[in-house]
Amino acid sequence: MKKELEKTYDPKGLEERLYKKWMDQGCFHAEVNPDKKPFTIVMPPPNITGQLHMGHALDNTLQDILIRWKRMQGYEALWQPGTDHAAIATEVKVTEHLREQGIDKEKIGREEFLKYCWEWRKEYGGRIIRQLHEMGSSADWERERFTMDEGCSDAVQEVFLRLYEKGYIYKGSKIINWCPVCRTTISDAEVEHVDQEGNFWHINYPVAGEEGKFVEIATTRPETLLGDTAVAVNPKDERYTGIVGKLLKLPLTDRVIPVIADEYVDMEFGTGCVKITPAHDPNDFEVGKRHHLEEINILNDDGTMNGQCGKYAGMDRYEARKKMVDDLKELGLLVKVVPCTHAVGTHDRCGTTVEPMIKQQWFVRMDEMAKPAIEAVKSGELTFVPERFDKIYLHWLENIHDWCISRQLWWGHRIPAYYCRKCGKMIVAKEMPDTCPDCGGTEFEQDPDTLDTWFSSALWPFSTLGWPKETPEFKYFYPTDVLVTGYDIIFFWVIRMVFSGIEQTGKCPFRHVLIHGLIRDSQGRKMSKSLGNGIDPLEVIDKYGADALRLTLVTGNAPGNDMRFYWEQVEASRNFANKIWNASRFIMMNLPEEELPEPSAEDLRPADRWILSRVNTIAKEVTDNMERFELGIAVQKIHDFLWEEFCDWYIEIAKLRLVKKNDSEDLRISADAALWTLRTVLTEALKLLHPYMPFITEEIYCTLLPSEKTIMTAEWPKYREDRNFPEDERLIGEYQELVRGIRGIRMEMNVPAGTKTELTIVGKDEAACRDFEILKDTLAGMERMVFATEVRIQSGKEGVGDDAVTVVTSRATAYIPLDELVDREKEIARLNQENAKMDKEIARGEGMLGNPNFLGKAPAAKIAEEREKLAKYKAVKQQIVDQLAGYTKQG
RNA sequence: GGAAAGUUAGCUCAGCUGGGAGAGCAUUCGCUUGACGUGUGAAAGGUCGCAGGUUCGAGCCCUGUACUUUCCACCA
């Protein structure tokens, strides 16, 4: 029984059904297989708090395209999926969630809180995975991992230990970024500089013991005055040479601070005097170190002023600022207030202004590990697509600071450091030690901090494959091939994976990084929750299907570039799916029940060889484009081939032969050849399209070829020399030229569609006549395409009436008798216009070919091409001239 | 303050190593052609930001310039 496609294309039921089928058949699973070459992509693990958004949709579509393609090419293709515990994001979400139920995180304590986190993970961690299923993602879900599962946690501890023993991880008191709302440290990468309106407050600091003498400083954060331990000037600044070494009375306090000289101060900027607050400014911290200044912390962890701040203690930092400015004004020490905009460091997650503070934290030393990561890109071992992201990557690494990895959070990998309760000795180990080697104490307390969530993500390409164990998977699938991600997380993730991978495994974790941009709304704005302008990919899928969404996300999108989302584009994609659906349905309607053997070479007609040749060429081009990660260009070619060549031309040509299959034995053979070609070309094109539109291609393929289980493992089309038919491509090209010309002229002449005429084709020479004779069966049916009742092919003008309009191509002139419709004068004018056009072309060609420089320097192929074109234009012109001469003679 | 990207049809964007400018949507005029009106045929629409340069030849390479966007940055 022949299978059939549903009459209308409805992605909804179809996609769900096919995804289930793939899952049931284990189509996504990859195994260590020494007979095949591996191809690996690790999926950027979505947060367990996350919901699928357009960014995920794009990212996963690109990965799925690559994986499906490589799988078809015969690679053992592993797409390694999983989810991220997303330390701070989850902790914030769970905390909120608990608060809504009236539960206070602090009250229930760490252990209890973590239970809620795991519950959350159980409840919501799978949600985004299910949503990825809807996209058609062919990841190996059997291998799904989680950054906090046993294996990944083991990898984290192992790396921590190794780096600690190597001296690359250390605990130290340094100035760090503190978020007073989240109450944790954050890394440099998490600080976003946002321009804000603010003021420069100019304040006079009285010189001690010299009545009426002041030093004027300017600051954007007056409240930090309470932490000042010096004022600095540039040693070369002659304005201030006399004052260096003197003491100043720090306003609002009873402290005195020295004036010091330091190169760091820019003489040109402000007053040339800088207040130094070592505990709350990274630069001042460095200055303080150089001059052995006291570091006075003035802030509590929640951003309020601490006990050091006298009357301001307990106030919020901004409240204190206001009060202090008022007080300074009252004291007459406020010189002026100058409005200005300046870049304020904010926490990228919550937007809170970050406070630099000195705290004891854990850091990763970056200097040594950055080197091989830089080298990896410089040597070409690791490449970015597009290349320009090299610079961003290198610039960051070349200016990298040590990475603060400890977080004052509960949800995450706890730092594997233990402190002896008796003597305080710190021991770094995977498990809690039994006895203290120093004091013999047996009670230990683990460091309360957890690790930056990116610490575990950095290990993702190998921790998911079983590392640190030498598993077969690790040996086979690592290093991975391509990493696909947005440019927004190069710093957070890509760089950290590279140096971690090289340090731990000795190998760069991937060969290529394919960078994509952001999906913006139709006005070019970032999609965001606060704007409410986000488009839910699931809604798109619901309305138009995952295939349409996927196609929309890759067409016209170049690597690294942002793109705007338009519903119209999705609609166009769905229309394409519909087109393919119906074309396939048409082909299947005509296919016989019985076997359809490959026709012998002589039974194939020119159009058959043409379309076979075309799909062959397209396969090669598409493969080339995909190898260069030009997915948008590749899919455009498949799209255009299927729609404009296969549907618009070949199917139409084939129809003529199908309807006549019972007329004669010869026509039956012709019809069979067409059917076989239709099926063959469709099959090849479906394979090319499958990575982009997996569902519709699977459904059609399996219906068309009932013995095939899936298109997923069908062999990717390869270029075949025996399917290259340049002669037929040329011939059909001439045919198309002729048909287009006839349609055009009929339109121009306003010929009613119902009016059918004879068509006489006069070949330019014998060879041309022969060629058009070869196309006889195609031409004979041309009435469907060019409204001809009868087609004659001949070498002279005999029998051609005077009232015919003409279509001139390089090798033939077609005559269409239109009797009363033709205005002789207009026809002559039209031909003259054509003639002038040819003259222009000929002049261009002759100009080029007459230029000795061109002949001397241009490549031979280009010269030959131009010669050929020139000859063609000359031939057309000749025929136009002949035609005109005929009219003149008659007229 | 550094760096990158963009500037191409009315709109949104492609354009691979330099060799006669493309798509989708929109527009105009046709088509109950038996797969598809989610279709089909024809057409209109561009000084490729501006100014120089290199080249036989530049949307593409170089220099400068204008505007837009983004990233980085410890000038208080």
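Every chain is numbered from 1, with letters handed out A, B, ... down the list of sequences.
- As a whole-Å value, the separation of A/F629 CZ from B/A14 C1' is 19 Å.
- Here A/R388 lies in heavy-atom contact (under 4.0 Å) with sugar-phosphate atoms only.
- Residue A/N750 contributes atom CG, which lies 12 Å from atom C1' of B/A43 at whole-angstrom precision.
- Note on A/P852: nothing from the nucleic acid sits closer than 4.0 angstrom, heavy atoms only.
- Both cation-pi conditions hold for A/K655 and A/F586: the charged atom is under 6.0 angstrom from the six-membered ring centre and inside a 45 degree cone around its axis.
- Of the P atoms belonging to B/C11 and B/U47, the separation is 13 Å, rounded to the nearest Å.
- The pair A/R844-A/E866 counts as a salt bridge, with a side-chain nitrogen and a carboxylate oxygen less than 4.0 angstrom apart.
- As judged by a 4.0 angstrom heavy-atom cut-off over every strand, A/G632 is placed among residues making no nucleic acid contact.
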Nucleotide-resolved protein contact map, nucleotides 69-76 of chain B, B/S/- at heavy-atom distance under 4.0 Å: ---SBBBB

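- Remark: the separation of the P atoms in B/A21 and B/C48 is 10 Å, to the nearest Å.
- Between the side chain of A/R564 and the base of B/U12, no donor-acceptor pair under 3.5 Å is found.
- Contact between the side-chain N/O atoms of A/K655 and the OP1/OP2 oxygens of B/A35 is found at a separation under 4.0 Å.
- Atom P of nucleotide B/C31 and atom CZ of A/R746 are separated by 13 Å, given to the nearest angstrom.
- Remark: the separation of the P atoms in B/C61 and B/A4 is 14 Å, to the nearest Å.
- The aromatic rings of A/F491 and A/W396 sit parallel to each other, their planes meeting at less than 30°, with 60° as the upper class boundary.
- At the heavy-atom level, A/W201 lies nowhere under 4.0 Å from the strands shown.
- Among the protein residues, A/N561 comes within range of the sugar-phosphate backbone only, with heavy atoms under 4.0 Å from sugar or phosphate atoms but none that close to a base.
- The distance between atom CD of A/E387 and atom C1' of B/A4, rounded to the nearest whole Å, is 14 Å.
- Below 30°, between 30° and 60°, or above 60°: for A/Y487 and A/F389 the angle between ring planes is below 30°, a parallel geometry.
- Looking only at distances, a side-chain donor or acceptor of A/D547 sits under 3.5 Å from a matching main-chain atom of A/F695.
- Centroid-to-centroid, the aromatic rings of A/F565 and A/W567 come within less than 6.0 Å.
- No donor-acceptor pair under 3.5 Å is formed between the side chain of A/H512 and the backbone N or O of A/V385.
- Base contact: A/R574 has a heavy atom under 4.0 Å from a base atom.
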Contact string for nucleotides 20-26 of chain B, one letter per nucleotide 5' to 3', B = base within protein heavy-atom range under 4.0 Å, S = sugar-phosphate only, - = neither, reads B--SSS-

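- A donor-acceptor pair under 3.5 Å links the side-chain atoms of A/W581 to the main chain of A/E6, judged by distance alone.
- Taking atom CD1 of residue A/I700 and atom P of nucleotide B/C36, one finds them 15 Å apart after rounding to whole Å.
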